[in-house]
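Heads up, the thing below is written out as structure tokens.
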Amino acid sequence: MHGVTLEMILNELVAQKGWDEMAERVDIRCFRNEPSVKSSLRFLRKTPWARAKVEALYLEMKGWK
């Protein structure tokens, strides 16, 4: 995933899956309550376990895992 930023990952996931599906797959409040890229980035940058789950979801979506 060299050169792929967390913001790029999040934007692509939102475009492909939408907030509702993402909230089902990764159960975090910032995906359920008034979701936004900005608030999600802030949370994911501070929470390694959640970031790992989002990155795994991205890899799965890309077929890389």
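- Here the CG atom belonging to Leu13 is positioned 10.5 Å from the CD atom belonging to Glu55, to the nearest 0.5 angstrom.
- In the displayed structure, Asp20 atom CG is contacted under 6.0 Å by at most 12 heavy atoms of other residues, nucleotides or ligands.
- The heavy-atom pair separating Cys30 from Ser40 by the smallest distance is O-OG, 3.7 Å.
- Two residues are said to be in side-chain contact when any heavy atoms from C-beta on lie closer than 4.5 Å; Met61 and Glu12 meet this criterion.
- The shortest heavy-atom contact between Arg51 and Leu44 is CB-O, 3.5 Å.
- For Arg25, the side chain to side chain donor-acceptor pair (under 3.5 Å) criterion is met by Glu60, not counting sequence neighbours.
- Listed by first then second residue, pairs satisfying ring-ring contact (aromatic ring centres under 6.0 Å, His included) with a partner in residues 11-41 read Trp19-Phe31, not counting sequence neighbours.
- Interatomic distance, Ile9 CD1 to Leu41 CG, rounded to the nearest 0.5 Å: 10.0 Å.
- Across Ser39 and Glu34, no two heavy atoms sit closer than the pair OG-O, 4.5 Å.
- No side-chain donor-acceptor contact under 3.5 Å links Thr47 to the backbone of Ala50.
- Looking only at side-chain heavy atoms (C-beta outward), Met22 and Ile28 stay at 4.5 Å or farther from each other.
- Looking at heavy atoms from C-beta onward, Tyr58 lies out of side-chain contact with Leu10 at the 4.5 angstrom threshold.
- Taking Arg32 as the reference, Asp27 meet the salt bridge (charged side-chain N to carboxylate O under 4.0 Å, His left out) condition, with sequence neighbours excluded.
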